[in-house]
*Asks:* 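Quick one: the structure is below, questions incoming.
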Amino acid sequence: MSKLIEPRTLKGFRDFLPATMIPRERLMETARRVYRSFGFAPIDTPALEYTEILLGKGGAETDKQMFRFEDSGGRDVAMRFDLTVPLARFVAQHAGTLGLPFKRYHIATVWRGENTQRGRYREFMQCDFDTIGTRSIAADIETTLVIHELFLAIGFTDFAIHVNNRKVLTGLLERLQLADKSTLVLRALDKLAKIGAAKVNEELASTTGATTEQAAAILEFATLAGTNDEIVAGVAKAVAGSALGEEGVADLRSLLAACAAAGVPDARLKLDVSIARGLDYYTGTIFETFLTHLPSIGSVCSGGRYDNLAGLYTKQELPGIGASLGLDRLLAAMEELAMLPKAATPAEALVTYFDAERLHDYLRLAALVRSDGIGVEVYPEPKKLGQQLKYADGRGFRVALIAGSNELSAGECQVKDLRTGGSETVPLADVPSAIKRVLSAG
RNA sequence: GUGGCUGUAGCUCAGUUGGUUAGAGCGCCAGAUUGUGAUUCUGGAAGUCGGGGGUUCAAGUCCCCUCAGCCACCCCA
């Protein structure tokens, strides 16, 4: 006899059991629904691309994280590590037929060969949406509103979209004559919340060679606090004189005003001048979204504006703005926050196989219920009723339909609410509406 | 990729200075209860002690390697 192969999965790659796949699919459906409601259209692209396509913008870091190999035809290929770079290639290739502005959403798996941690996997799903081909601040505003709507639709009320604008940072650095060090400064600032002002100060001095005055100015800027209005005022003062900086301030003002007018409460949209995003390609508005009750898991939805998305692939200048929901990270957070239902079945109702002679009646009953849009399963064996109810309860069914020959010969069926334990007996034709009553009750 | 912590039944964990057939609770299966699930009682199944190698008369316990998870750095969803 041959030796068994140990069943196992790769580091950072996971199986999804029904109990996690059900809420995962629900999240995707929610994201799709919200994106569509704002007019974003779905697209898809290949998981595998020519390495030169993906390598373009990222630099050494993404290079190291990519799953890259030679295919059997000798091509140098790699698996996509985000959905933005494939989008850039996609619009460069299809802008002609798509027309601009182009709004798309893309829900797909991406791969990064980095070290794993809670909420950080090597294979994970992103839910991106982007608006390509417009510089209008209206797109920035809409992006913010989509993120806000998305989290509400998922079921969160305690979250904060941190917003900033690269132009104000760049403006400040221009004034301080540190513009050429912007990436290093941004990296240091990004850590502010984590390591504190003193450490950031040290890092600024050591990596950028900033003088004490320069570092102090940057930190004073980054630690501006108060209401959004107060921070905007502080920022305006700090960048005064820099055309770019003043532009950024104006953008932030428009964004904040429009979102407030659209009903986004101040608590959920925070101007946070310390967020910077490591990625170089952002040029304007930038976002990071944090969960109030689990900030340690990091940003669960991030994005921003870029001036020229596809410059590597086309001469046509394509500005755009978008954001990415980290579905798997969010799911890990929801799991930890006990926000996920434990149901292991996607169906609401179970028809018990009570009387061995009545299978046809049960199948007919199930079809009737199903035709009303309710998920229903018929238990496959005429086992003891107690066991069938235990199965129904364990799997997370909400309703059990019980009918022995007594009920069936009277043309009736018992509809049992598995949460309360109560039940009512109704004519067969009324079973769907009785189930709906139970479902809407809780 | 670098460093640290962890790894015993499906789950949560116990396991004494290395010493006979590795335990508990919960869960699971069956019965008490041939028309009603989260109670009670009875019985039962289930463990390559993450994997491999080494030290030893003897390893779940010590050492090395490896795999995986978590934490920090890095970066990011």
Side-chain angles (χ1 to χ4, degrees), chain A residues 3-14 17 19 27 31 58-66 81-84 107-128 147 183 186-188 190-191 194-195 199 203 275-280 287-291 296-303 323-333 336 342 350 352-356 358 379 382-408 414-423 425:
Chain A
K3 195 161 185 261
L4 291 174
I5 298 165
E6 187 193 349
R8 57 190 186 142
T9 50
L10 251 15
K11 180 188 181 76
F13 290 71
R14 302 158 300 150
L17 274 56
L27 262 188
E61 275 306 322
T62 46
D63 189 11
K64 270 196 294 189
Q65 294 187 358
M66 268 197 313
F81 60 88
D82 73 3
L83 300 177
T84 304
I107 299 177
T109 307
V110 303
W111 295 269
R112 290 183 198 176
E114 67 174 338
N115 246 342
T116 53
Q117 241 174 80
R118 176 189 54 161
R120 304 178 65 152
Y121 314 103
R122 291 189 165 182
E123 178 181 62
F124 59 98
M125 187 158 275
Q126 292 196 322
C127 307
D128 278 36
I147 297 174
T183 302
L186 293 175
R187 292 243 164 97
D190 222 19
K191 298 178 199 161
K194 218 167 201 173
I195 63 177
K199 289 257 172 73
E203 184 168 334
I275 66 154
R277 317 270 307 123
L279 292 175
D280 295 340
F287 306 101
E288 301 213 337
T289 309
F290 297 95
L291 303 176
S296 65
I297 202 144
S299 174
V300 287
C301 184
S302 309
S324 177
L325 174 72
L327 185 130
D328 287 295
R329 177 174 289 186
L330 185 64
L331 216 51
E336 194 162 328
K342 283 190 312 215
L350 178 78
T352 55
Y353 193 167
F354 189 12
D355 184 325
R358 295 287 199 164
Y379 196 82
K383 281 220 283 195
K384 277 168 54 179
L385 191 56
Q387 286 177 26
Q388 297 189 43
L389 289 174
K390 198 170 178 183
Y391 168 86
D393 185 53
R395 293 300 165 102
F397 285 94
R398 293 292 316 282
V399 172
L401 301 178
I402 303 167
S405 12
N406 294 349
E407 287 89 349
L408 287 174
Q414 202 181 125
V415 177
K416 187 177 177 73
D417 182 336
L418 288 165
R419 284 191 195 168
T420 66
S423 75
T425 301

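To find a chain, count down the sequence lines: A is the first, B the second, and so on, and within it residues start at 1.
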*Asks:* Check for me whether the distance between the ring centres of A/Tyr379 and A/Tyr391 falls short of 6.0 Å.
*Replies:*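 Yes; A/Tyr391 has its ring centre under 6.0 Å from that of A/Tyr379.
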*Asks:* When rounded to the nearest Å, what value does the distance between P atoms of B/U42 and B/C26 take?
*Replies:*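 Roughly 12 Å separates the two P atoms.
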*Asks:* Determine whether the aromatic ring of A/Phe124 stacks with the base of B/A77, defined as ring centroids separated by less than 5.5 Å and ring planes inclined by less than 30°.
*Replies:*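 A/Phe124 ring centre within cut-off of B/A77 base, planes near parallel; stacks.
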*Asks:* Closer to the 5' end of RNA chain B via nearest nucleotide, is it A/Lys383 or A/Gly421?
*Replies:*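 Its nearest nucleotide being more 5', the pick is A/Lys383.
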*Asks:* Whether A/Thr116 contacts B/G69 is assessed here as follows: a side-chain N or O lying under 4.0 Å from the phosphate OP1 or OP2. Is that the case?
*Replies:*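 So the side chain of A/Thr116 is within the cut-off, an N or O lying under 4.0 Å from OP1 or OP2 of B/G69.
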*Asks:* Can you tell me which residue among A/Leu325, A/Leu83, A/Leu27 is in a side chain to side chain contact (heavy atoms under 4.5 Å, CB included) with A/Cys127?
*Replies:*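 Testing A/Cys127 for a side chain to side chain contact (heavy atoms under 4.5 Å, CB included) against A/Leu325, A/Leu83, A/Leu27 leaves exactly one candidate, A/Leu325.
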*Asks:* Among B/C73, B/A77, B/G37, which nucleotide has an atom closest to any side-chain atom of A/Tyr121?
*Replies:*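 The nucleotide sitting nearest to the side chain is B/A77.
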*Asks:* Which of the following nucleotides, B/G31, B/G35, B/C75, is nearest to the side chain of A/Lys384?
*Replies:*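 Of all the options, the side chain of A/Lys384 is nearest to B/G31.
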*Asks:* Does A/Gln388 contact B/G35 through a side-chain donor or acceptor facing the base, at a distance under 3.5 Å?
*Replies:*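 Check fails, no donor-acceptor contact within cut-off.
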*Asks:* If the C1' atom of B/G53 is compared with that of B/G43, how far apart are they to the nearest Å?
*Replies:*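 Roughly 42 Å separates the two C1' atoms.
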*Asks:* Is A/Asp355 side chain donor-acceptor paired with the B/G35 base, going by distance under 3.5 Å alone?
*Replies:*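 When only heavy-atom distances are counted, A/Asp355 does not reach the base of B/G35 through any donor-acceptor pair under 3.5 Å.
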*Asks:* Expressed in whole Å, how much space separates the C1' atoms belonging to B/G31 and B/C67?
*Replies:*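 After rounding to an integer number of Å, I get 43 Å for this pair.
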*Asks:* Record whether the side chain of A/Glu288 comes under 3.5 Å of the base of B/A77 through a donor-acceptor pair of N or O atoms.
*Replies:*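 Result: no qualifying N/O pair found.
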*Asks:* Look at the side chain of A/Arg8 against the base of B/A68 and say whether a donor-acceptor pair falls under 3.5 Å; ignore hydrogens and angles.
*Replies:*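 Flag unset: no donor-acceptor pair detected.
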*Asks:* Can you tell me if A/Arg118 touches the phosphate of B/C71, counting only side-chain N or O atoms and a distance under 4.0 Å to OP1 or OP2?
*Replies:*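 For B/C71, OP1 or OP2 has a side-chain N or O of A/Arg118 closer than 4.0 Å.
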*Asks:* Does A/Thr425 form a side-chain hydrogen bond (donor to acceptor under 3.5 Å, both in side chains) with A/Gln414? I'd like the steps, not just the answer.
*Replies:* CA-CA 4 Å; A/Thr425 301; A/Gln414 202 181 125; 4.7 Å; no
*Asks:* Taking only the P atom of each, what is the distance from B/C57 to B/A14 in whole angstrom?
*Replies:*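 Rounded to whole Å, the distance is 31 Å.
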*Asks:* Taking B/C29 as the reference, what is the distance to B/G10 when you measure between their C1' atoms (whole Å, please)?
*Replies:*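 Those two atoms are separated by 13 Å.
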*Asks:* Distance alone, cut at 3.5 Å: any donor-acceptor contact between the side chains of A/Ser302 and A/Glu288?
*Replies:*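 Short answer, no.
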*Asks:* If you only use heavy atoms from C-beta on, which nucleotide in B/G37, B/A77, B/U36 is closest to the side chain of A/Asp393?
*Replies:*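 Per side-chain heavy atoms of A/Asp393, the pick is B/G37.
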*Asks:* Could you give the distance separating B/G52 and B/U16 at their C1' atoms, to the nearest angstrom?
*Replies:*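 Result for the C1' pair: 28 Å, nearest Å.
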*Asks:* What nucleotide among B/C73, B/U36, B/A77 has an atom nearest to a side-chain atom of A/Ser324?
*Replies:*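 Closest nucleotide among those given: B/A77.
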*Asks:* Using the side-chain heavy atoms of A/Asn115, tell me which of these nucleotides is nearest: B/G69, B/U2, B/A77.
*Replies:*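 So the side chain of A/Asn115 is nearest to B/U2.
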*Asks:* State which of B/U36, B/C75, B/C71 makes the closest approach to the side chain of A/Gln65.
*Replies:*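 Output: B/C75.
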*Asks:* Identify which nucleotide among B/G69, B/A72, B/G35 has an atom closest to any side-chain atom of A/Gln117, counting heavy atoms from C-beta outward.
*Replies:*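 Among B/G69, B/A72, B/G35, the one nearest the side chain of A/Gln117 is B/A72.
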*Asks:* Look at A/Gln387 and B/G31 and indicate whether a side-chain polar atom (N or O) is within less than 4.0 Å of OP1 or OP2.
*Replies:*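 Answer yes for this pair, as a side-chain N or O of A/Gln387 is under 4.0 Å from OP1 or OP2.
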*Asks:* Does any donor-acceptor pair link the side chain of A/Arg329 with the base of B/C76 at a separation under 3.5 Å?
*Replies:*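 Answer yes: a donor N or O sits under 3.5 Å from an acceptor.
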*Asks:* With a 3.5 angstrom cut-off on both distances, give the Watson-Crick or G-U wobble partner of B/G19, or none if there isn't one.
*Replies:*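 For B/G19, the partner nucleotide comes out as B/C57, under the 3.5 Å rule.
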*Asks:* Could you measure between the two C1' atoms, the one in B/C63 and the one in B/G18, and give it in whole Å?
*Replies:*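 To the nearest whole Å, 13 Å.
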*Asks:* Would you say the base of B/C75 and the side-chain of A/Arg112 have a donor-acceptor pair closer than 3.5 Å?
*Replies:*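 Answer no: no donor N or O sits under 3.5 Å from an acceptor.
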*Asks:* Taking the side chain of A/Glu407 as its heavy atoms from C-beta onward, which of B/U36, B/G35, B/C76 lies nearest to it?
*Replies:*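 Taking heavy atoms from C-beta onward, the closest nucleotide is B/G35.
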*Asks:* Is the closest side-chain donor-acceptor distance between A/Arg329 and A/Ser299 under 3.5 Å?
*Replies:*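 Side-chain D/A pair, A/Arg329 to A/Ser299: absent.
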*Asks:* Taking only Lys NZ, Arg NE, NH1 and NH2, and the carboxylate oxygens of Asp or Glu, determine whether A/Asp328 and A/Arg14 approach each other closer than 4.0 Å.
*Replies:*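 Salt bridge between A/Asp328 and A/Arg14, a charged N being under 4.0 Å from a carboxylate O: yes.
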*Asks:* Among the candidates B/C73, B/A77, B/G37, find the nucleotide nearest to the side-chain atoms of A/Lys390.
*Replies:*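 Closest nucleotide to the A/Lys390 side chain: B/G37.
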